[in-house]
A.B. asks: 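Structure incoming, see below.
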Amino acid sequence: MMGVGVLLYHGSPVGGLDILSPELSEHGTPFVYVATDPVVALLYAVKPVPKPFSYYPYGFDENSHVVYSEYFEDAFRILYQGQKGYLYECEETADMTQPTHIACAYASSHAIKVRRVTRILDLYEYYMQQSDKGVFSIRRFEDVPQATYAHIVKTLRSEIAPYNLQDYPEMQQFLLRYFPLVVGEDKND
């Protein structure tokens with residue numbers, strides 16, 4: 001698929017793993033997610049919201065570098081500063097698929113053996129170093145167009161609609177703190 005010896009990366013808040021085991025995903029199937037880009041993989045070392053939800057607002061610029069979009073004031077620092085993470089290196093398995101449609105992301109339904117692991121003591125500092133190298137940037141909250149923000153609010157509302165937030169207090173608190181319009185009464189925003 002990708003070529004012999006292509007390194008893949010997996011970001012996790014959990015250290016000490018020799019094998020990456022499939023876990024139930026938002027795609028309804030147990031997968032191990034990996035990426036060809038370590039900058040993408042490490043974003044997932046922070047779990048801003050509980051499963052079955054996810055919150056990783058990033059995309060790519062014209063040079064395929066990661067751009068993290070802040071949809072609340074100082075979001076990246078709040079979520080990543082002081083957080084440690086582990087970057088696992090591994091090789092592809094025969095059953096790699098791309099259920100996310102993210103160009104550099106793959107998934108396997110089988111366990112993957114770890115070749116090497118790097119511990120990152122502060123993910124925010126790591127990403128600021130990547131920013132200095134030009135492979136990562138943050139689109140600040142104040143630079144997000146109002147129409148884009150309105151679309152994000154609408155999308156979050158539709159994603160949480162099937163769930164009773166009383167059953168997910170961590171998600172409810174996240175939304176109340178950072179996206180009050182999502183759980184607010186005014187559904188026209």
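Given the structure is predicted, the values throughout are model-derived calculations rather than measurements. Along the sequence shown, the residues carry numbers beginning at 1.
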A.B. asks: Would you mind reporting whether Tyr88 and Thr118 have side-chain heavy atoms less than 4.5 Å apart?
C.D. replies: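 They are not in side-chain contact.
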
A.B. asks: Verify side-chain contact (heavy atoms from CB on, under 4.5 Å) between Leu17 and Ile19, making sure each step is shown before the conclusion.
C.D. replies: CA-CA 6 Å; Leu17 302 176; Ile19 300 287; over 6 Å; no

A.B. asks: Would the Phe179 and Phe72 ring centres measure less than 6.0 Å apart?
C.D. replies: yes

A.B. asks: Determine, stepwise, if the pair Glu170 / Val49 fulfils side-chain contact (heavy atoms from CB on, under 4.5 Å).
C.D. replies: CA-CA 7 Å; Glu170 289 177 61; Val49 297; over 6 Å; no

A.B. asks: Salt bridge check, Glu91 against Lys113: does any charged N sit closer than 4.0 Å to a carboxylate O?
C.D. replies: no

A.B. asks: Considering residues at least two apart in sequence or located in another chain, which fulfil the salt bridge (Lys or Arg N to Asp or Glu O under 4.0 Å) criterion with Asp74?
C.D. replies: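 In terms of salt bridge (Lys or Arg N to Asp or Glu O under 4.0 Å), with neighbours along the sequence ignored, Asp74 is linked to Arg77.
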
A.B. asks: Under 4.5 Å between any side-chain heavy atoms of Leu165 and Val183, yes or no?
C.D. replies: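 Touching, per the 4.5 Å side-chain cut-off.
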
A.B. asks: With a 6.0 Å cut-off on ring centres, are Tyr33 and Tyr44 close enough?
C.D. replies: no

A.B. asks: What pairs of residues pass the side chain to side chain donor-acceptor pair (under 3.5 Å) test when at least one of them lies in residues 126-136, not counting sequence neighbours?
C.D. replies: none

A.B. asks: Ser109 and side-chain hydrogen bond (donor to acceptor under 3.5 Å, both in side chains): which partner among Thr29, Thr93, Asp95?
C.D. replies: Asp95

A.B. asks: Go through the structure and list residues passing side-chain contact (heavy atoms from CB on, under 4.5 Å) with Ala103, not counting sequence neighbours.
C.D. replies: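 Not a single residue meets the side-chain contact (heavy atoms from CB on, under 4.5 Å) criterion with Ala103.
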
A.B. asks: Measure centre to centre between the rings of Phe76 and Phe136, then say whether the value is under 6.0 Å.
C.D. replies: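 Under 6.0 Å, so yes.
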
A.B. asks: Could you check Tyr106 against Thr97 for side-chain contact (heavy atoms from CB on, under 4.5 Å), going step by step and ending with a plain yes or no?
C.D. replies: CA-CA 6 Å; Tyr106 296 86; Thr97 63; over 6 Å; no

A.B. asks: To the nearest 0.5 Å, how far apart are CG in Leu43 and CG in Leu79?
C.D. replies: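 The CG atom of Leu79 is 11.0 Å from CG of Leu43, to the nearest 0.5 Å.
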
A.B. asks: Look up atom CG in Leu8 and atom CZ in Arg115, then write down how far apart they are to the nearest 0.5 Å.
C.D. replies: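 Those atoms lie 10.0 Å apart.
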
A.B. asks: Is the CD atom of Glu125 crowded by more than 12 outside heavy atoms at less than 6.0 Å?
C.D. replies: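 Atom CD in Glu125 is packed in, count exceeds 12.
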
A.B. asks: Hey, does Ile120 have a side-chain heavy atom less than 4.5 Å from the side chain of Tyr86?
C.D. replies: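 No, every pair of side-chain atoms sits at 4.5 Å or beyond.
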
A.B. asks: What's the separation between atom OG in Ser69 and atom CZ in Arg139, rounded to the nearest 0.5 Å?
C.D. replies: 3.5 Å

A.B. asks: Please round to the nearest 0.5 Å and tell me the distance separating atom OH of Tyr80 and atom CD1 of Ile138.
C.D. replies: 10.0 Å

A.B. asks: Would Tyr55 and Phe174 count as a ring pair (Phe, Tyr, Trp, His ring centres under 6.0 Å) here? Give the steps.
C.D. replies: CA-CA 10 Å; Tyr55 183 75; Phe174 178 83; 5.3 Å; yes

A.B. asks: Output the distance between atom CD1 (Ile152) and atom CG (Leu181), rounded to the nearest 0.5 Å.
C.D. replies: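 Those atoms lie 13.0 Å apart.
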
A.B. asks: Would you say Gln81 and Asp122 make side-chain contact, with heavy atoms under 4.5 Å?
C.D. replies: yes

A.B. asks: How would you list, by chain and number, every residue that makes a ring pair (Phe, Tyr, Trp, His ring centres under 6.0 Å) with Tyr58, sequence neighbours excluded?
C.D. replies: Phe60

A.B. asks: Taking all non-hydrogen atoms of both residues, which atom of Pro13 and which atom of Lys47 are closest, and how far apart?
C.D. replies: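 Answer, listing the atom of Pro13 first, then Lys47: CD-CE, 4.1 Å.
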
A.B. asks: I'd like to know if the side chain of His65 and the backbone of Gly134 have a donor-acceptor N/O pair within less than 3.5 Å.
C.D. replies: yes

A.B. asks: In chain order, what residues pass the side-chain contact (heavy atoms from CB on, under 4.5 Å) check against Asp18, with sequence neighbours excluded?
C.D. replies: none

A.B. asks: Hey, does Leu87 have a side-chain heavy atom less than 4.5 Å from the side chain of His10?
C.D. replies: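 The answer is no; the side chains never approach within 4.5 Å.
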
A.B. asks: Could you pull out all residues at least two apart from Arg116 that satisfy salt bridge (Lys or Arg N to Asp or Glu O under 4.0 Å)?
C.D. replies: Glu89

A.B. asks: Go through Arg140 and Glu73 one step at a time and tell me if the salt bridge (charged side-chain N to carboxylate O under 4.0 Å, His left out) criterion holds.
C.D. replies: CA-CA 8 Å; Arg140 299 291 178 191; Glu73 189 71 39; over 6 Å; no

A.B. asks: Heavy-atom count check: over 12 atoms from other residues, nucleotides or ligands less than 6.0 Å from Glu142 CD?
C.D. replies: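 Result for CD/Glu142: enclosed.
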
A.B. asks: Do Val144 and Tyr71 make a side-chain contact, defined as non-hydrogen atoms from C-beta onward lying under 4.5 Å apart?
C.D. replies: yes

A.B. asks: Got Leu20 and Val114 here, is their nearest side-chain heavy-atom distance under 4.5 Å?
C.D. replies: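 With C-beta onward as the side chain, the pair touches.
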
A.B. asks: What about the rings of Tyr168 and Tyr163, do their centers lie closer together than 6.0 Å?
C.D. replies: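 Yes, the ring of Tyr168 comes within the 6.0 Å limit of the ring of Tyr163, centre to centre.
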
A.B. asks: Hey, are the side chains of Ile112 and Met96 touching, using non-hydrogen atoms and a 4.5 Å cut-off?
C.D. replies: yes

A.B. asks: When rounded to the nearest 0.5 angstrom, what is the spacing between CG in Leu121 and NZ in Lys84?
C.D. replies: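 These two atoms lie 8.5 Å from each other.
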
